[in-house]
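Below, chains carry the letters A, B, ... as their sequence lines are ordered, and counting in each starts from 1.
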2 protein chains.
Amino acid sequence: MHLQESGEMYLETIYILSKKGKAVRSIDVGEYMGYSKPSVSRAVGLLKQGGYVMSDNDGFLSLTDEGKRVAEKMYERHTLLTRFFVNLGVDEETATEDACKIEHDISDKSFEAIKNFVNK
Amino acid sequence: MHLQESGEMYLETIYILSKKGKAVRSIDVGEYMGYSKPSVSRAVGLLKQGGYVMSDNDGFLSLTDEGKRVAEKMYERHTLLTRFFVNLGVDEETATEDACKIEHDISDKSFEAIKNFVNK
DNA sequence: TGATGTAGTTAGCAAAGGCTAACTGATAGG
DNA sequence: CCTATCAGTTAGCCTTTGCTAACTACATCA
């Protein structure tokens, strides 16, 4: 199963909400992303099928190792690309928006190149 | 009519093929992009409807002013983003691929920021 | 106990944008 | 003149990913 951009966004969102401490439900994911309950329900179902997400008896969501791997990758890209744009003088909001789109498109090679640039 | 990423790609392709001198037909666009004739046919039809493309009696395609404006914008982004990645040490092929995706997503603000960086 | 509210699911719609199959219409060769 | 080829179109399918409407299941409250 190959993850689409939308799948990556759902995983990243679960990851971000998990980091805030509280248990994550589908409804929280939907609220964060601005999506309806059925959209999240289906997406989470597919991510479970794909082995990226698990849910316990109370419906609380967690990431599998693979899900976490993807989510962390996206999150790292997101934060670093945001930082990159801000360094170049872009306002925080625009930087975040652009990072959010680019994080799904960019190759590992190019990302690493930007990362090296930002960290030097 | 709001242009999607795919519309922008078709316009950019027509622009690139036009620059090569010869008259551009739908079939050329399809060959360049790796798409089937019906896909191109529909896309070009929509771009005509939207006022981005015109065709003469022989089926040769040309861009309207608005189509050219979009195509040139994408082309500029494409070449500059490629240059940006190459400058950071990314190989030409990867740089082009990534530029091709990012050119549709990035905001004017962030693009201008990268442009300033590359040109200094 | 019955009404309300919350979370999730099911069914089905829509738009984008690929595809194949099969048609039309013009041009060119034998 | 018939046939083959080439360009384009039409019809219709498929996937992705959003949506609404309507349902279920549970919990809480008066």
Side-chain angles (χ1 to χ4, degrees), chain A residues 1-14 17-18 20 22-63 67 70-71 74 97 100-105, chain B residues 1-14 17-18 20 22-63 67 70-71 74 97 100-105:
Chain A
M1 184 212 194
H2 175 246
L3 267 190
Q4 307 293 128
E5 170 168 339
S6 86
E8 292 175 348
M9 273 309 303
Y10 281 104
L11 293 179
E12 191 182 347
T13 299
I14 294 171
L17 294 178
S18 295
K20 292 190 182 167
K22 286 211 271 186
V24 179
R25 299 161 305 166
S26 284
I27 192 83
D28 305 319
V29 173
E31 189 166 333
Y32 186 88
M33 298 178 82
Y35 289 160
S36 68
K37 287 189 297 168
S39 296
V40 180
S41 180
R42 179 175 48 194
V44 167
L46 290 170
L47 291 170
K48 279 187 202 168
Q49 259 182 247
Y52 296 97
V53 166
M54 296 175 299
S55 65
D56 66 17
N57 297 330
D58 295 326
F60 293 116
L61 303 175
S62 57
L63 299 172
V70 174
M74 288 306 124
E97 272 172 31
C100 195
K101 291 177 236 153
I102 293 170
E103 68 189 30
H104 308 285
D105 287 334
Chain B
M1 184 212 192
H2 175 245
L3 267 188
Q4 308 292 130
E5 168 168 340
S6 87
E8 291 174 351
M9 273 309 303
Y10 281 103
L11 293 179
E12 190 182 350
T13 299
I14 294 171
L17 293 177
S18 294
K20 292 190 180 167
K22 286 213 272 188
V24 179
R25 298 161 305 166
S26 283
I27 193 85
D28 306 318
V29 174
E31 190 166 331
Y32 186 88
M33 298 179 82
Y35 288 159
S36 68
K37 288 190 296 168
S39 297
V40 180
S41 181
R42 180 178 46 192
V44 167
L46 290 170
L47 291 170
K48 279 187 202 168
Q49 260 183 247
Y52 297 97
V53 165
M54 294 175 300
S55 66
D56 66 16
N57 298 330
D58 295 326
F60 293 116
L61 303 176
S62 56
L63 299 171
V70 174
M74 288 306 125
E97 272 172 32
C100 196
K101 291 176 238 153
I102 293 171
E103 69 190 29
H104 308 285
D105 287 334

Any base atoms under 4.0 Å from [X], or only sugar-phosphate, or nothing? Heavy atoms, all strands.
{"X": "A:Phe60", "value": "nothing"}
{"X": "A:Gly30", "value": "nothing"}
{"X": "B:Gly34", "value": "sugar-phosphate"}

Distance check: side-chain N/O of [X] vs OP1/OP2 of [N], anything under 4.0 Å?
{"X": "B:Ser36", "N": "C:dC19", "answer": "yes"}
{"X": "B:Ser6", "N": "C:dA16", "answer": "no"}
{"X": "A:Tyr35", "N": "D:dT20", "answer": "no"}
{"X": "B:Ser39", "N": "C:dG17", "answer": "no"}

Without decimals, in angstroms, what is the distance between [X] [atom1] and [N] [atom2]?
{"X": "A:Glu31", "N": "C:dA7", "atom1": "CD", "atom2": "P", "value": "9 Å"}
{"X": "A:Asn57", "N": "D:dC26", "atom1": "CG", "atom2": "C1'", "value": "15 Å"}
{"X": "A:Leu46", "N": "C:dG8", "atom1": "CG", "atom2": "P", "value": "16 Å"}
{"X": "B:Glu5", "N": "C:dG17", "atom1": "CD", "atom2": "C1'", "value": "11 Å"}
{"X": "A:Met9", "N": "D:dT16", "atom1": "CE", "atom2": "P", "value": "19 Å"}
{"X": "A:Met33", "N": "D:dT17", "atom1": "CE", "atom2": "C1'", "value": "11 Å"}
{"X": "B:Leu3", "N": "C:dA15", "atom1": "CG", "atom2": "C1'", "value": "15 Å"}
{"X": "B:Lys37", "N": "C:dT20", "atom1": "NZ", "atom2": "C1'", "value": "12 Å"}

| said: Could you measure the distance from the CG atom of B:Leu3 to the CG atom of B:Leu11? Nearest 0.5 Å is fine. | reply: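 Here the interatomic distance stands at 5.5 Å.
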| Which distance, rounded to the nearest 0.5 Å, do you find between the CD1 of B:Ile27 and the NZ of B:Lys37? |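 Atom-to-atom, B:Ile27:CD1 and B:Lys37:NZ are 5.5 Å apart.
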| Taking all non-hydrogen atoms of both residues, which atom of B:Tyr35 and which atom of B:Ser39 are closest, and how far apart? |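 The pair with the smallest heavy-atom distance is CB-CB, 4.3 Å.
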| query | Looking only at heavy atoms, which two atoms of A:Cys100 and A:Met9 are closest? And how far apart? | reply |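 Where A:Cys100 meets A:Met9 most closely, the heavy atoms are SG-SD, 3.8 Å.
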| request: Could you say whether A:Tyr10 or B:Asp28 is positioned toward the 5' end of DNA chain D, judged by the nucleotide with the nearest heavy atom to each? | output: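 Nearer the 5' end of the strand: B:Asp28.
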So which nucleotide from [options] ends up closest to the side chain of [X]?
{"X": "B:Ser41", "options": "D:dT9, C:dG18, D:dC19", "value": "D:dT9"}
{"X": "A:Arg42", "options": "D:dG18, C:dG8, D:dA7", "value": "D:dG18"}
{"X": "A:Gln4", "options": "D:dC19, D:dT16, D:dT10", "value": "D:dT16"}

| query | More than 12 non-hydrogen atoms from neighbouring residues, nucleotides or ligands closer than 6.0 Å to CD on B:Glu31, yes or no? | reply |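 For B:Glu31, atom CD is not crowded (no more than 12 foreign heavy atoms under 6.0 Å).
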